[in-house]
Amino acid sequence: MDQGLNQISSKQKGIISEHRIAEIVTLGSTGALTCYTPNSDDDGIDLIVNPKGQIKPLFIQIKGRFKLQTTGQFIQNVGINTFVAHPSFYLVFAYYNLELVDVQHLWLIPSLEFADIAYEKPAGETYKSFYRFSANPLSTKDRWSRYSIPKKELGHKLLEIIETL
């Protein structure tokens, strides 16, 4: 399966992840949430979620991975330049299992908490500064486990969050 993974571009992987999360949100909210994608993700926003009949948008950055590290860790970087903590901004990290051809694991993290928990890596000669998200999908004790969420609950959880904003 790794051979096929190399043929899928990073742009394709991003689009697959974003569309799959939009489906999961729509289905999980039984249609109560509508998903919109911006024309660009210059601000780190990949998905806008809004309850039908209301104007209460929630902004989401989606970071998908199609392969875990050999240690079983899901590792993803978030650029500091495009990251802005805000009460209506959340991050979704999604592990897409190619064997299952589906999202296997999700983390939903408020941006207000993300920067405090993530490892901050200052800029180097060949890369810009970033926050590092590193989690084990099987762990119930790592720093990110409390943000783990079953995919069938994502839409309902986002509805709850929107109601508190």
Side-chain angles (χ1 to χ4, degrees), residues 1-31 33-50 57-86 88-111 113-115 117-119 127-128 130-139 142 144-159 161-162:
M1 192 56 91
D2 284 346
Q3 184 82 14
L5 182 60
N6 293 333
Q7 295 175 358
I8 302 172
S9 72
S10 59
K11 179 81 170 166
Q12 288 173 314
K13 291 174 189 172
I15 290 170
I16 289 166
S17 297
E18 292 164 14
H19 286 214
R20 186 64 181 116
I21 296 305
E23 290 172 6
I24 290 169
V25 168
T26 303
L27 291 169
S29 70
T30 57
L33 291 173
T34 304
C35 297
Y36 305 91
T37 54
N39 288 331
S40 71
D41 66 353
D42 294 343
D43 298 319
I45 297 167
D46 297 310
L47 193 65
I48 301 166
V49 178
N50 192 65
L58 192 65
F59 304 94
I60 298 175
Q61 184 173 56
I62 299 166
K63 294 291 189 178
R65 275 293 204 212
F66 287 67
K67 186 176 180 183
L68 298 175
Q69 300 294 312
T70 55
T71 60
Q73 289 290 110
F74 176 106
I75 296 177
Q76 183 68 51
N77 298 333
V78 175
I80 289 176
N81 294 344
T82 59
F83 180 82
V84 178
H86 189 274
S88 63
F89 181 49
Y90 278 70
L91 295 99
V92 171
F93 293 90
Y95 169 51
Y96 198 100
N97 184 324
L98 287 174
E99 296 295 322
L100 300 175
V101 192
D102 199 3
V103 172
Q104 183 175 337
H105 203 93
L106 293 173
W107 295 266
L108 175 65
I109 305 168
S111 65
E113 298 174 26
F114 179 74
I117 300 171
Y119 171 74
Y127 56 88
K128 296 178 182 180
F130 60 83
Y131 293 114
R132 163 88 29 106
F133 173 83
S134 178
N136 184 331
L138 302 177
S139 176
D142 74 13
W144 301 107
S145 60
R146 67 182 170 165
Y147 300 103
S148 178
I149 183 167
K151 64 184 171 187
K152 67 180 181 178
E153 294 177 18
L154 182 61
H156 181 69
K157 181 65 175 173
L158 293 175
L159 276 169
I161 291 167
I162 289 170

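All heavy atoms count here, side chains included; hydrogens, waters and symmetry mates do not. Just so it is clear, the model here is predicted, and its values are computed rather than measured.
Considering only heavy atoms from C-beta on, Asp43 stays 4.5 Å or farther from Phe59 through its side chain. Two residues are said to be in side-chain contact when any heavy atoms from C-beta on lie closer than 4.5 Å; Phe130 and Arg132 meet this criterion.
Residues Cys35 and Ala22 share a closest heavy-atom pair of SG-O, 3.8 Å. The minimum heavy-atom distance between Ser88 and Pro57, with the atom names listed, is CB-O, 3.9 Å. Across Ile48 and Pro38, no two heavy atoms sit closer than the pair CD1-CG, 4.3 Å. Here the closest heavy-atom approach between residue Leu159 and residue Ser29 is recorded as CD1-CB, 3.9 Å. Contact between Ser139 and Ser145 at its shortest, heavy atoms only, is O-CB, 3.5 Å. Residues Gly72 and Pro137 come closest through the heavy atom pair O-CD, 3.3 Å.
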* To do: Any chance you could lay out the side-chain contact (heavy atoms from CB on, under 4.5 Å) test for Phe89 and Ile45, step after step, and finish with the verdict?
  => CA-CA 8 Å; Phe89 181 49; Ile45 297 167; 4.3 Å; yes
* Asked: Does the pair Ile109 and Phe133 meet the rule for a side-chain contact (heavy atoms from CB on, under 4.5 Å), with working shown?
  -> CA-CA 11 Å; Ile109 305 168; Phe133 173 83; 3.5 Å; yes
* Asked: Is there a side-chain contact (heavy atoms from CB on, under 4.5 Å) between Tyr90 and Val49 once you walk through the steps?
  -> CA-CA 11 Å; Tyr90 278 70; Val49 178; over 6 Å; no
* Applying side-chain contact (heavy atoms from CB on, under 4.5 Å), run through Ile117 and Tyr147 and close with a yes or a no. => CA-CA 12 Å; Ile117 300 171; Tyr147 300 103; 3.2 Å; yes
List the atom pairs, with distances to 0.1 Å, where a side-chain N or O of residues 149-158 and a protein N or O form a donor-acceptor pair under 3.5 Å, not counting sequence neighbours.
{"residue": "Lys151", "atom": "NZ", "partner": "Asp102", "partner atom": "OD2", "Å": "2.6"}
{"residue": "Lys151", "atom": "NZ", "partner": "Val103", "partner atom": "O", "Å": "3.0"}
{"residue": "His156", "atom": "NE2", "partner": "Glu160", "partner atom": "OE2", "Å": "3.0"}

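Evaluated for a side-chain contact (heavy atoms from CB on, under 4.5 Å) with Leu47, the options Ile21, Leu58, Val92 yield exactly one hit, Ile21.
With values rounded to the nearest 0.5 angstrom, Asn77 atom CG is found 10.0 Å from Tyr127 atom OH. Taking CG of Leu106 as the start and CD1 of Ile24 as the end, the distance is 5.5 Å to the nearest 0.5 Å. Atoms NE2 and OH, on His105 and Tyr95 in that order, are 11.0 Å from each other to the nearest 0.5 Å. Atom-to-atom distance recorded for Glu23:CD and Thr26:OG1 is 8.0 Å, nearest 0.5 angstrom. Separating the CG atom in Leu68 from the CZ atom in Phe74 is a distance of 8.0 Å, to the nearest 0.5 Å. Taken to the nearest 0.5 Å, the CD atom of Gln76 stands 9.0 Å off from the CD atom of Gln61.
A donor-acceptor pair under 3.5 Å is formed between the side chain of Asp46 and the backbone N or O of Ile62. Remark: the backbone N or O of Gln104 is not paired with any side-chain donor or acceptor of Asn97 at under 3.5 angstrom.
Under the ring pair (Phe, Tyr, Trp, His ring centres under 6.0 Å) criterion, Phe114 pairs with Phe83, Phe93, Tyr131, Trp144, sequence neighbours left out.
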